[in-house]
Amino acid sequence: MYTQAMDIPDESGKKLAVVPGAASEQEAAFEARIAADGRIEPQDWMPEAYRKTLVRQISQHAHSEIVGMLPEGNWISRAPSLKRKAILIAKVQDEGGHGLYLYSAAETLGTGRDEMLAGLHSGKAKYSSIFNYPTLNWADVGVIGWLVDGAAIMNQIPLCRCSYGPYARAMIRVCKEESFHQRQGYEALLVMMKGTDEQRAMVQDAVNRYWWKCLAMFGPPDADSPHSAQGMRWGIKRISNDELRQKFIDATVPQAKVLGVTLPDPDLKWNEERGHYDYGQIDWAEFWNTVEGNGPCNKERLATRVKAHNDGQWVRDAALAYARKQKERQVKEAA
Amino acid sequence: MSTAPALKDWPLWEVFVRSKQGLEHKHCGSLHAADAAQALHMARDVYTRRQEGVSIWVVPSASITASNPDDKGELFDPAADKIYRHPTFYEIPEEVGHM
């Protein structure tokens, strides 16, 4: 994953309101289970707002995995060696798999995959904005692995303890595979840093372009994140946006040092008192502009996604026609 | 933007994977597929990319009958007061050793 998108309301989230009071017996049982840090399973009763929040969050998460295949897929045919190509294909295939785990988890809440895909394709549903930026050079692929997947891991690990069972189980699978994504990216960059001045400059350029976008992946500051409190109370979200962002920065600074790149923030420095790195201002206006659809690649990503889906229609039709024919044949043979 | 219909007609399948010879098949997720053969193919690609399994079962989700969570009490609570079904209920002299 890849998600800032989780805290971003979309069409489906607008009507959400939590109605306090008038707690039914079922609601009391639900609240008690949440309070005891128990898990909710698909057939259990749950408040409509909890169900809708999860469908929105898990489907946004799934969309992010699927759209996330595009910026990296762009480099499969241009990978510098057969080894890097094989690694990149495996990684992109993983992202597709992550999307499938997540769509399956969301479907257990009673929303069909066709409905979720329609939401993505019409532009109604959001996905992580990090994929609305272009991948301009090969170092971008390494930086996506190191920083984008690194940020994703920070976000996803607490989701393995999410109160909704199928989501938590999907996240455990995703997290196991995500570690490969980050390490392959970092290692690809290490190799480039041992190369020519030009190659080192490519890595630094990619880091400069992606650093701030990665910090924005954790979502708006806690003070501006109204959905977060309810998500925390329900055990969907476990750690706040700002806290995760801080953890990511603290973990990344030493990695950048080993790699030999600088992070493009003049305010980035160790704060002895806090025991954390201080950092500069994130450009939230630019972030929201991209979320609203005006980033450099929003239109291209969505159009590519829709085209791939439409171009695949004959495959889905053919598979279904074949399955029907086989079934008819079996019935005839049995008769 | 006009889009083709998605997966509406492809039924849902539950996937069970045996991780190692000698162990049981364990539920690991679900997927959509036109028929059983395709479901098996897709389960292989989705759930066993890192040698997670040596055998896969796929079952149409519609074929699964599940107990109702509301019946949890009457189904499972009666077992709670039958502690004599557990070996630890019985006290055996220490000199007997492991039994």
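Letters A, B, ... are given to chains in the order of the sequence lines, protein chains preceding strands, and every chain is numbered from 1.
Neither the backbone nor the side chain of A:Q326 comes within contact range of chain B, judged by heavy atoms closer than 4.5 Å. Of the atoms belonging to A:R173, it is side-chain heavy atoms, and not backbone ones, that fall under 4.5 Å from chain B. Proximity to chain B is absent for every atom of A:D317, based on heavy atoms less than 4.5 angstrom apart.
Between the side chains of A:E178 and A:H181, at least one donor N or O sits under 3.5 Å from an acceptor N or O. A donor atom on one side chain and an acceptor atom on the other are not found under 3.5 Å apart for A:H61 and A:Y101.
Between A:R39 and A:D44 there is no salt bridge, since no side-chain N of the basic residue sits under 4.0 Å from a carboxylate O of the acidic one.
A pairwise comparison of heavy atoms in A:A105 and A:P166 identifies CB-O, 3.8 Å as the closest pair.
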